[in-house]
Trainee: 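Just dropping this structure here.
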Protein chains: 2
Amino acid sequence: MGRPRDARRDVAILEATLSLLTELGYEQLSIEAVAGRSGAAKTTIYRRYRDKADLVAAAVDYRSHATPPSPAAVGLRENLLALAGWLAREIAEQEIGLLGALFAGMRGDPRLAEEMRRILRRDEAAMTDEPFRKAIGDGERLTPRAAELFAEIAPAVIVHRVVVAGEPCDERFVEHLVDDILLPLLLEGR
Amino acid sequence: MGRPRDARRDVAILEATLSLLTELGYEQLSIEAVAGRSGAAKTTIYRRYRDKADLVAAAVDYRSHATPPSPAAVGLRENLLALAGWLAREIAEQEIGLLGALFAGMRGDPRLAEEMRRILRRDEAAMTDEPFRKAIGDGERLTPRAAELFAEIAPAVIVHRVVVAGEPCDERFVEHLVDDILLPLLLEGR
DNA sequence: TCGATACGAAACGGTAGCGTATCGAAAGTG
DNA sequence: CACTTTCGATACGCTACCGTTTCGTATCGA
């Protein structure tokens with residue numbers, strides 16, 4: 001009954017939200033700007049989402065899920081380098097604006113905060129589960145809680161470098177991260 | 001010549017800025033709110049600071065410099081526990097709102113970003129220099145770059161836990177941080 | 001005492017976004 | 001075709017804050 005909603009409107013709205021979120025940050029993101037960039041009227045947006053927090057949560061949930069590279073290399077060090085390098089690129093190029101924008105937004109909006117943490121946990125799990133299962137399956141001798149340690153340390157150090165230090169995560173840094181921090185901690189013997 | 005500026009106004013303005021910054025975040029911080037809470041007129045604020053970025057930079061610079069506890073315990077592990085615990089408390093109770101608020105603000109304001117990084121580096125140095133000099137002086141066998149590693153990892157992991165995971169940095173976590181991450185990395189032999 | 005400056009209070013015009021309402025046209029369903 | 005809902009466009013009143021100006025008063029130095 002009645003005219004059905006246009007799915008392309010949803011896509012346009014959510015992608016406009018993501019790009020604006022990256023550019024401007026959560027606080028400065030306005031529904032009006034989303035309407036402008038997406039080509040949708042404000043009415044169309046308010047019909048779907050109650051307010052900004054609702055819209056942003058939907059947009060972050062919608063964004064293409066991060067899919068880390070499956071470990072194709074031979075050794076553990078090479079796999080770690082690939083995984084950490086991918087993570088660094090992901091954070092630096094795509095996520096940092098989004099993450100940084102959301103850090104502040106989460107504080108004023110507990111509902112958004114909980115949603116964000118749910119999504120971050122999901123991505124973190126997807127990032128560590130399969131690669132480490134693979135590495136362990138290949139007979140690498142890792143610490144029992146290697147996956148948890150990786151997920152706890154690698155994103156933290158990368159984000160700290162990008163946001164606080166303001167320095168790039170180039171290849172040298174990734175090697176430093178793997179050789180000086182991750183490998184010593186994750187290898188069984190230590 | 002003429003009436004000199006009242007230093008108590010400065011204090012009131014900067015402290016109001018800091019508390020509001022922690023509560024609301026950078027974007028939502030308004031000069032009017034600072035005027036309201038500090039009891040100063042907007043005129044008085046604009047006479048001192050050109051705009052919000054200028055005010056915030058001054059406030060962050062003013063805030064009482066973090067002074068870590070001098071290592072009073074006996075062993076390296078105890079000193080690390082004290083230092084990491086103090087850092088966790090500092091971040092969780094005071095800084096996190098401020099840091100989180102500034103992450104977003106830094107993006108839109110390169111001037112503020114550079115000032116913030118300068119201040120963060122200063123505090124980081126103050127935090128690591130003396131305690132590690134003391135520990136090394138006590139004859140502990142540390143990795144050459146122990147201080148750098150500590151400054152690179154500890155704040156990053158703590159911030160990640162508080163902001164991303166949204167879980168508290170209780171005593172159990174600090175012990176985990178020291179025993180499972182810091183000690184294995186900082187000890188010379190590994 | 002006098003001149004200069006700081007101070008609080010208030011008002012100003014301007015900008016921006018909020019969330020709502022109304023309208024006619026479009027696009028489905030039965 | 002009749003009905004229902006969506007969509008774009010536009011206007012609305014509202015709120016908040018901006019950065020500036022004006023005014024009367026307070027407080028210093030010379």
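Chain naming here is simple, since letters A, B, ... match the order of the sequence lines and numbering starts at 1 in each.
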Trainee: Just to verify, what does B/Asp54 make a side-chain hydrogen bond (donor to acceptor under 3.5 Å, both in side chains) with, not counting sequence neighbours?
Mentor: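 B/Asp54 satisfies side-chain hydrogen bond (donor to acceptor under 3.5 Å, both in side chains) with no other residue.
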Trainee: Confirm from the modelled atom types if A/Lys42 and D/dG8 form a donor-acceptor pair under 3.5 Å, side chain to base only.
Mentor: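 There is none.
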Trainee: Taking any atom under 4.0 angstrom from a heavy atom of chain A, which nucleotides of DNA chain C are the first and last to qualify, 5' to 3'?
Mentor: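 Here the contact window of chain A covers C/dG17 to C/dT29.
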Trainee: Per the salt bridge (charged side-chain N to carboxylate O under 4.0 Å, His left out) rule, what does the pair list look like for residues 150-166 of chain B, sequence neighbours excluded?
Mentor: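 Qualifying pairs, neighbours excluded: B/Arg161-B/Glu167.
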Trainee: Which dot-bracket notation, 5' to 3', represents the base pairing of DNA chain D when pairs are defined as Watson-Crick or G-U with both distances under 3.5 Å, crossing pairs as [ ], and inter-strand pairs as |?
Mentor: ||||||||||||||||||||||||||||||
Trainee: I need the CD1-P distance between B/Ile31 and D/dT20, as an integer number of Å.
Mentor: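 Answer to the nearest Å: 11 Å.
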Trainee: Please name all residues satisfying side-chain contact (heavy atoms from CB on, under 4.5 Å) with B/Arg48, sequence neighbours left out, ordered by chain then number.
Mentor: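 Per chain and number, B/Arg48 pairs via side-chain contact (heavy atoms from CB on, under 4.5 Å) with B/Arg5, B/Arg9, B/Asp10, B/Ile13, B/Thr44.
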Trainee: Return whichever of A/Ala7 or B/Glu32 has its heavy-atom-nearest nucleotide of DNA chain D closer to the 5' end.
Mentor: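 The 5'-side residue here is A/Ala7.
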Trainee: How would you list, by chain and number, every residue that makes a side-chain contact (heavy atoms from CB on, under 4.5 Å) with B/Glu171, sequence neighbours excluded?
Mentor: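 B/Glu171 satisfies side-chain contact (heavy atoms from CB on, under 4.5 Å) with B/Glu175 only.
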Trainee: Would you call A/Arg63 and A/Val60 a side-chain contact if the rule is heavy atoms closer than 4.5 Å?
Mentor: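 The answer is yes, as the side chains (C-beta and beyond) meet within the 4.5 Å cut-off.
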Trainee: Could you give the distance from CG (B/Asp180) to CZ (B/Phe173), rounded to the nearest 0.5 Å?
Mentor: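 Between atom CG of B/Asp180 and atom CZ of B/Phe173 there are 10.5 Å.
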Trainee: Would you say D/dG8 has OP1 or OP2 under 4.0 Å from some side-chain N or O of A/Thr44?
Mentor: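 True: A/Thr44 side-chain N/O within range (under 4.0 Å) of D/dG8 OP1/OP2.
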Trainee: In residues 46-54 of chain B, what residues come within less than 4.0 Å of DNA chain C, judged by heavy atoms?
Mentor: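 Nucleic-acid contacts, sorted: B/Arg47, B/Arg48.
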Trainee: Using a cutoff of under 3.5 Å, can you pull out all pairs of nitrogen or oxygen atoms linking the protein to nucleotides 13-15 of chain D, with atom names and distances?
Mentor:
none

Trainee: Of all residues at least two apart in sequence or in a different chain, which pass the side-chain hydrogen bond (donor to acceptor under 3.5 Å, both in side chains) check with A/Lys42?
Mentor: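 A/Lys42 satisfies side-chain hydrogen bond (donor to acceptor under 3.5 Å, both in side chains) with A/Glu32 once adjacent residues are dropped.
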Trainee: Please list, chain by chain and in numerical order, all residues satisfying side-chain contact (heavy atoms from CB on, under 4.5 Å) with B/Ala59, sequence neighbours excluded.
Mentor: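 B/Ala59 satisfies side-chain contact (heavy atoms from CB on, under 4.5 Å) with B/Leu14, B/Thr17, B/Leu18 once adjacent residues are dropped.
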Trainee: What's the CD1-P distance between B/Ile45 and D/dT20, to the nearest Å?
Mentor: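 Atom CD1 in B/Ile45 sits about 13 Å away from atom P in D/dT20.
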Trainee: So do B/Trp86 and B/Val174 actually touch side chain to side chain, heavy atoms under 4.5 Å?
Mentor: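 A side-chain contact under 4.5 Å is absent here.
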Trainee: Taking side-chain hydrogen bond (donor to acceptor under 3.5 Å, both in side chains) as the definition, give me every residue that meets it alongside B/Asp6, ordered by chain and number, with sequence neighbours left out.
Mentor: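 B/Asp6 satisfies side-chain hydrogen bond (donor to acceptor under 3.5 Å, both in side chains) with B/Arg8 only.
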Trainee: Check side-chain contact (heavy atoms from CB on, under 4.5 Å) between B/Glu148 and all other residues, then give those that pass, not counting sequence neighbours.
Mentor: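 If we apply the side-chain contact (heavy atoms from CB on, under 4.5 Å) test to B/Glu148, skipping adjacent residues, the hits are B/Arg145.
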Trainee: Measure across B/Arg117 and A/Ala165 and return the closest heavy-atom pair with its distance rounded to 0.1 Å.
Mentor: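 Of all heavy-atom pairs spanning B/Arg117 and A/Ala165, the closest is CD-O, 3.6 Å.
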Trainee: Using side-chain heavy atoms (C-beta onward) and a distance below 4.5 Å, is A/Leu80 in contact with A/Leu186?
Mentor: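 In contact.
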Trainee: Can a donor-acceptor pair under 3.5 Å be found between the side-chain atoms of A/Arg3 and the base atoms of D/dT5?
Mentor: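 Answer no: no donor N or O sits under 3.5 Å from an acceptor.
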Trainee: For A/Ala33 and B/Thr43, take the nucleotide of DNA chain C holding the closest heavy atom to each; which residue's nucleotide lies nearer the 5' end?
Mentor: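 Result of the comparison: B/Thr43.
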